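This report concerns only the one structure given below.
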Amino acid sequence: MEKNAEVVRSTSAKSIWINPIPARRRKNNWNIEYTVLTQIKTNVMKFTANFVAMHKAWPSPKVLLVMKLTTLLIIVTLLHASAKSYSQITLNELNTPLKMVLKSIKKQSGYALIYDSNVLLNAKVSVSLNNVSVNEALETCLKDQPVTYRLVQNNIVLQAKEIADPDKIKAQQAEINIKGTVVDAKGQPIPGTTVSLQGTPRGTITDNDGRFEMKNVSDAGTLVISSIGYTTQTVLINEQTTLHIVLTDNSKELSQVIVVGYGSQKQSDITGSIASVPKERLQNLPVTNVFQSIEGTVPGLTVTSTNASSPGSVASVNIRGLHSITASNSPLIVLDGIIYNGSYNDINTNDVESIEVLKDASATAIYGTRGSNGVILVTTKKGKTGKPSVQYNGYAGPEYMAHEVDPMNGAEYVAKNLAYDAQAGITPAPVPNQYEDANYKSGHETDWIKAISQQGYIENHSLNVSGGTPDVKYYVSGDYAKEKGILQGYQYHKFNIRSNLDAKITSWLSAGTNLFFNNNNYDGGKTNLFMATTMSPYGQEYNAQGGYQIYPMFPEELYTSPLTGLYQPTVNHTTSWNGNAYTEIKPAFIPGFKYRLNVGYTSSPGMTGDYTGRNTGDLIGHASITNTQTTNLLIENIADYTRSFGKSSLHITGLYSSEKDNTFSDALKANTFINDVTSFYDIGSAQYQQTTSSFTQTTLVSQMARINYSYDSKYLLTATARRDGFSGFSASNKYGVFPSVAVGWNIANESFMKNVSEVSQLKLRLSYGVSGNEGVSPYQTLTTLASTQYINGSSTVIGLIPSAIGNSNLKWESTKGLNLGLDFSILKDRISGTIDAYDTKTYNLLLARKIPYITGYTTILENIGKTANQGIEFSITGREIKSENFSWETNVNFSANQNKLVQLYGDNKDDITNNLFLGKPLDGIYDYKKIGVWQTGDNFSVDPSAKPGDLKFADLNGDGKINASDKTYLGTQLPKYTAGMTNTFRYKGFSLSVFLQTVQGVTKFNSFYNEAGQANRINLPAAYGYWTPVNKSNLYPSLSYTNSRAYGYPSDASFTRIKDVTLSYNFSKGILERLKIPNLQVYASGRNLATFTKWKGWDPETDESYAIAGGNQSSSFYPLVASVVLGINVTLQ
Amino acid sequence: MKNTFSFIIIVFISLLSFNSCKKSYLDEQVKSIYTPSSLTDEVSFEAAIAGLQEIVRNQYEGDQGIMALLQTGTDVARNGQTTTAMAPYETYTLLNSQDVAALTFWKWGYQVINASNVIIQAAQSGTTSLTSVQATGYVAEAKFYRAYAYNFLSTLFGGVPIVTQPVTTPKVNYTRAPVDSVINLQISDLTYSAANLPDANHVVEEGRPNSSAAAQLLAVTYLRANQPALAEAQLTKIISNGVYKLVTGRYGINATSPGDPFSDMFIYGNMRRSQGNTEAIWVIEEAPNVPGGVSPTDQHRRVWVPFYVNVPGMLVADSLGGRGIGRIRPTNWWTYNLYSSTGNDMRNSRYNIQRKYYYNDPSSPKYGQLVVVTGATDTIQNIYAHTTKWNSYNSFDPFGTLTYKDRIYMRLGETYLLLAEAQFLQGNTTGAAADINILRTRANAPLVQPADITMDFILDERARELIGEEDRRVTLMRTGTLVERVQKYNPTSAGSIKTSNMLLPIPQSEIDVNNEAVLTQNPGY
């Protein structure tokens, strides 16, 4: 931000085209290039040499004049602007380089400083001023210097004093008629732009086509062109009669104002650990969920998903490791400033302007009892002043199974069966079941995975219209996404509408709304991949009537057709209605104060209905219908006060809010239907019916105060405190207070850094604070009775049974966190980044503590136990090549988190049953240590019941036998480190972005190896290299191994993935002008293109809940999907 | 003017938004669940009793093998198709404090005890609208169930912690009470129940306990307390009260089909007192396809009926008992020896024990032939002689997910056997022989002489009469005969069983979680 405000133009520039985007060639072949101030060598000797050289090389005075006047790039931020008018300058300098003195003026005034590289600022000056105006200060400093100054809006514009030129003087007196057009960076006209002649009251406004005309103006005059949402420009007329002016929208600068929760802050003033998601991650990716797109891109943010690729699946997110054992680990989502309780899926990715992730306690403490898992701030796009702009973004493309685990084919299957029979000592049977006989004899095989698969397909269409006047701005969008799964029956489509409206009603009153509606649809009966993997290749796919055979391997009835699910009529959709409204008052009589009222209301009704009938093996018919409705009402009162005095600036935010959350659901279940015709649509026609309903409510009241103080833009302090009252806690513990403090030091702004030109940004941050977690269900303080059903004779009677024991002392869990961070930008911004290290301790865990069954209960929620997370994370961006036509940029992010369970029930013992181990990370893998497979002739004394082909485990405690005490902690499912790397190449209109993701140090149970004693009943993966007396595998057991110790085959689940590759092309201006459209981009994007891993099975990231038999089979397991789409992004006006 | 107006609106909305200042805003309002304070009147107590009944009916829920292992590893049965839970009950060296079944039983017992305590406390709180007669009735009923649970626990584990009040805090400092104290609590509870519960003709609902059920459980408790005379008094009272009588003739829904009086008793539709079963003292009810009609995964049929569908050429048939998976394989002693001396014992008729199977798949070349199996596992889990007491078949559920069948927990037949035991323990072998002969007369079995009566003989007779009904393991643990009888009749387990197996291990997780006091482990674990 600061650095951009000091813009120097190189002497080679010749154009009046003003565009801060680096190096773009225009049709007249003129080119400008901006570099930052730090490029100038500050060494006096060097400078002098340059100065001399420049003088020699200078072009003609006329060109010089053009150059000088083209420098006026003005960058304004709201925060900047608010501080200006009251500036009083105090200077006390002795023999200080002029540049330093001017910098000091800049800081004290809040004005931006703009000058050419030919402006000489290294002369040393001595000044002593006290509380003078900006004008006076500049007058004094620049006296006797070869520099003149002007104040243009809130900018100090410096120019070298002109050398008198007779021709020039003459020309200045001429008056000409001028006309021109004002367009934005994409070439779209900007209507309503103010064009005024500097130093005169004359001015005009551009028409709808961005055109303007002025008569009889001095050919040496200066035009000031300003429009809201764009950086103001001044342009020298310089005898031109036709001007083409390009305004840059200031969103780039705005993006550096970071949303921090209950307000925003300049990035340079931020003291907490806050990461912004790179914008390019939010576009052009074939994802239906906004968090799928940011997976792997923000250090410390982990996105995990069960059935990651299942159409419309919702990811789960955690920030900086797991804190809680029982309570929720999900971060808080804040959408457009309002706490959002809905589904992630309901946020349309195409509407998202920015995502910020608040990670440390200082940043999250403002969210009190809901902050300890981190906070994700999602901001949607807003309208901008100007002519309506219509944008369409659409993509479509096929989906594939990223990796298939092939089952055994017929020959392999038969070999497996015979091997099993031989090992088990039973009569050899090539196929064990009656229904396999015919196909086996005829040699007809079925590829069951192929049978349930289909060509997947994803498409998305997004259309938005935005625009507005200075007083009213709008953004309206509609989005339609459709995904046809790679397995039959899987589909997802959604429809989303959004309307964002901002109105400035009076000078002191503004108001607006964000409304959106979303509909998710997952309808349809589904195939079952797990069953497909178990089917014999000789099983019968179809029955005599041509329908699916329910039991393809009859009389085997446990493993049923993977296809009959398609016969189940299923509806599953959720809808959400979200309305946020705000009003903001800025009373003129209290400068710097504003009050904002936010009201947010969400209502999310959802419905599921399904039916199983005769054609799926259900001989009576079962139907069920569930309706759920959650509503949430949030009211926030925010007071905000900003004030600057001297070098200090103060920003105070206060909050009073309340929230009420209701969930109501009802369910109908019925069975015994006359036939399958009505499915669940006439549930009353069933003989037996059951109805249930439930209601829960939580309320929250909060007060928060935050003070941001900065001194001289060098020393920053943020202090916050929040007090939350939550209905779910006990009467005496409803309220909790969460303080935090953070300091920042902008080292780059220190005087001793002035000479270090290699460093443009260097900021050290330190924060410490406490945040909380209330993430438990309501009513946990009460002992409850649940209703149940019993019978008297054959009639149902209602029963009550003790269901849960309440804890009357319940309160929130707390996380104390320390964060040390460094933000830097070096080598002319070629390398910039952020490094954070943190140490958090979570205590008073809301833990479902096990209590003896003697109490009649299993667990009680209690504040007990501690966890700790320590970690380091960084994100570094390198701009390796940055030239006019080609650029290469690399972003690397890395995070390593060490999670540890510090304390549990106070008895210093592990809780093995619940997989909790003191001193170890959560989500542990606790199992036997496999050391191979028993071979014929081994000494079996340590495991006398074992036989050759059984798994051989280590006798870890050395007691000469293998039992439960030989189990050990083998690793954790939490990665040791994760990293992501994005390389972006741009060549002319082409852009190629390649994103690699890696997750390392993960151990997971692997069901690939675990046929769970069912090897004689089901098919196995072709790659399953089972032990036989001939194939003495040390990896796989024999087929007749029964796995009586329930070994889970823990395996290394680390992986590296080419997560996505996007190639896009922006059509050149020439073509676009001929097509009369402002912007056109086409792109191709591929996702999950390749994975490198040692893992055997479907995918290391996919949840391991997919497990063969043993009662753990997951009927909804869905493989990882690779997709390739083609897309188009077009703007019309 | 317009501005002023807007300003007023804003201020008004802001004030509204502070409505959360109300103190009650954070109070929790429970709308869809109940709390113990909901137990205030007859209707709510009726519901609490129904809930308690449901917990009691779930006694065998958990691992599929839970109910099987109460039979296997004893004198009457060995493991057929084994589950993880069952393995240690056949190979006793595997039985340790991590045992799944022990934990399941323990947990169930204390759930019953807690639910009973909630009812007893609420009924005695004095804040209900119950009449004192009603309050006494509910307390008597709850105490019956509480004693039933304590009896199960103290038979399996010995002394266990005594809890007689609902728990309200995270208590982790329990200690085991001496077994005598548990038995004394049972006697006190059951005496109260026997005195205050109505008889079978006057109960509100057939499935609810009556005074005879309490008396019979009290008698069992007296036997454990080594007070056979007191036991005899209770049992005699049941036999002589005129409410019950042995089933001696054909009755019920199957009366005209082939069968005998004994088999009639175990047909669904005939099992309750109202359905003609004059022996029924305490029957837990189940009903197919009625909400609340069945325990969630009732495995009775699956564990008792062999896995005959596993044999090629065999299809599921209602006449064979529906689909079984063969977890309980009777010992050879039960199969071949137990009835060998009892002639045409009705209890061994082909209606009561299925001994032969014929290929029933018309498409099989062996259709109609006798199934002769040879493979090792085949006679262990696929084809074996089995009691037909748990045969059941529902046309809508040929796979046999659930068993919908009433459970006869107490009947007059057992009363005679308990009476015989009480009399034998007092040296009255004549009385004991007479009791047993009442059952033998009904069964057309040869009568016995007083000289024949020994504890072993009584246990043999229980096996003949009550196979499939009694939890055999519990009976043998109660009578202290488990180890010797396993060594005598169950060669699979004879080598591994030890004296210490007469009690189950206290679940290790309970010992661990109870970290502020010591729950002593039983010897040998």
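Bear in mind that the values here come from a model prediction, so they are computed numbers and not experimental data. Protein chains get the first letters and strands the later ones, always in sequence-line order, with residue 1 at the start of each.
At a 4.5 Å heavy-atom cutoff, B/Ser37 makes no contact with chain A through either its backbone or its side chain. Interface residue A/Asn792: backbone and side-chain heavy atoms are both found under 4.5 Å from chain B. Heavy atoms closer than 4.5 Å to chain A are found nowhere in B/Ile119, neither backbone nor side chain. Interface remark: B/Asn117 contributes no atoms to any contact with chain A (heavy atom separation under 4.5 Å). Using a 4.5 Å cut-off between heavy atoms, B/Ser274 does not touch chain A at all. Heavy atoms of B/Pro166 lying under 4.5 Å from chain A are absent altogether. If you measure heavy-atom distances from A/Ser803 to chain B, you find no contacts under 4.5 Å at all. In this structure, the portion of B/Val118 lying under 4.5 Å from any heavy atom of chain A is its side chain and not its backbone. Neither the backbone nor the side chain of B/Thr82 comes within less than 4.5 Å of any heavy atom in chain A. A/Lys850 touches chain B through backbone and side chain together, each having a heavy atom under 4.5 Å away. With a threshold of 4.5 angstrom between heavy atoms, B/Pro312 does not approach chain A through any atom at all. There is no contact between A/Lys669 and chain B, counting heavy-atom distances below 4.5 Å. For B/Tyr174, the part lying near chain A is the side chain, with the backbone staying farther off; criterion is any non-hydrogen pair under 4.5 Å. For A/Ile854, the parts lying near chain B are the backbone and the side chain together; criterion is any non-hydrogen pair under 4.5 Å. In this structure, chain B has a heavy atom under 4.5 Å from the side chain of A/Gln434, while its backbone stays farther away. With a 4.5 angstrom heavy-atom cutoff, A/Ile805 touches chain B only via side-chain atoms. Heavy atoms closer than 4.5 Å to chain B are found in the side chain of A/Tyr735, but not in its backbone. Only the side chain of B/Arg57 comes within less than 4.5 Å of a heavy atom in chain A; its backbone stays farther off. For A/Ser694, the parts lying near chain B are the backbone and the side chain together; criterion is any non-hydrogen pair under 4.5 Å. Heavy-atom distances place the side chain of A/Pro802, and not its backbone, under 4.5 Å from chain B. For a residue to count as touching a neighbouring chain, one of its non-hydrogen atoms must lie under 4.5 Å from one of that chain's; by this rule A/Gln689 touches chain B with the backbone only. For A/Arg849, the part lying near chain B is the side chain, with the backbone staying farther off; criterion is any non-hydrogen pair under 4.5 Å. If you measure heavy-atom distances from A/Tyr857 to chain B, the contacts under 4.5 Å come from the side chain alone. Proximity to chain A (any heavy atom under 4.5 Å) is restricted, for B/Ile55, to the side chain, taken from C-beta onward. Looking at B/Ile49, neither its backbone nor its side chain comes within 4.5 Å of chain A, counting heavy atoms on both sides.
Heavy-atom minimum distance, B/Pro291 versus A/Ile791: O-CG2, 3.9 Å. In terms of heavy atoms, B/Val30 sits closest to A/Tyr779 at CG2-CD2, 4.0 Å. Among all heavy-atom pairs drawn from B/Pro170 and A/Glu862, the shortest one is CG-OE2, 3.7 Å. Closest approach of B/Ala50 to A/Gly799, counting heavy atoms only: CB-CA, 3.8 Å.
Taking CZ of B/Arg272 as the start and OG of A/Ser794 as the end, the distance is 6.5 Å to the nearest 0.5 Å. Between B/Lys171 atom NZ and A/Ile860 atom CD1 the span is 13.0 Å, to the nearest 0.5 Å. Note that CG of A/Asn963 is 10.0 Å distant from CG of B/Leu94, once rounded to the nearest 0.5 Å. We find the CG-CD1 distance between B/Leu52 and A/Ile801 to be 10.0 Å, quoted to the nearest 0.5 Å. Note that CD of B/Glu28 and CD of A/Gln697 are 9.0 Å apart. Values are rounded to the nearest 0.5 Å.
In terms of heavy-atom pairs under 4.5 Å with chain B, the best-connected choice from A/Leu800, A/Thr783, A/Leu619 is A/Leu800. Per-residue heavy-atom pair counts under 4.5 Å with chain A were compared for B/Gly51, B/Ala287, B/Ser395, B/Ala47, and the maximum is reached by B/Ala47. In terms of non-hydrogen atom pairs under 4.5 Å with chain A, the most contact-rich of B/Thr91, B/Asp397, B/Asp512, B/Thr168 is B/Thr168. When B/Pro36, B/Ala115, B/Ser38 are compared by the number of non-hydrogen pairs under 4.5 Å with chain A, B/Pro36 comes out ahead. Most heavy-atom pairs under 4.5 Å with chain B: of the set A/Thr859, A/Thr788, A/Ile912, A/Asn807, this distinction falls to A/Thr788. With respect to chain B, the highest number of heavy-atom pairs below 4.5 Å among A/Phe726, A/Tyr688, A/Phe695 belongs to A/Tyr688. Taking chain B as the reference chain and counting heavy-atom pairs below 4.5 Å, the highest number among A/Thr1042, A/Ile798, A/Asp911 is found for A/Ile798.
Remark: the B/Asn515 side chain and the A/Tyr905 side chain contain no N/O donor-acceptor pair separated by less than 3.5 Å.
Atom NZ of A/Lys586 is surrounded by 12 or fewer heavy atoms from other residues, nucleotides or ligands within 6.0 Å. Within a 6.0 Å radius of OH in B/Tyr34, other residues, nucleotides and ligands contribute 12 heavy atoms or fewer.
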Practice task
Kindly determine whether B/Asn289 and A/Asn671 satisfy side-chain contact (heavy atoms from CB on, under 4.5 Å), including the steps that lead there.
Solution key: CA-CA 8 Å; B/Asn289 252 330; A/Asn671 67 58; 2.8 Å; yes

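With hydrogens and angles ignored, the 3.5 Å screen pairs a side-chain donor or acceptor of A/Lys734 with a backbone N or O of B/Leu26. Checked by atom type and distance alone, the side chain of A/Thr699 pairs as donor or acceptor with a backbone atom of B/Tyr25 at under 3.5 Å. No donor-acceptor distance shorter than 3.5 angstrom exists from the side chain of B/Glu54 to the backbone of A/Tyr790, with no hydrogens or angles considered. At least one donor-acceptor pair under 3.5 Å links the side chain of B/Glu510 to the backbone N or O of A/Tyr853.
In this structure, the side chains of B/Leu39 and A/Leu785 come closer than 4.5 Å at one or more pairs of heavy atoms.
Every residue was checked against the side-chain hydrogen bond (donor to acceptor under 3.5 Å, both in side chains) condition with B/Gln53, not counting sequence neighbours, and none meets it.
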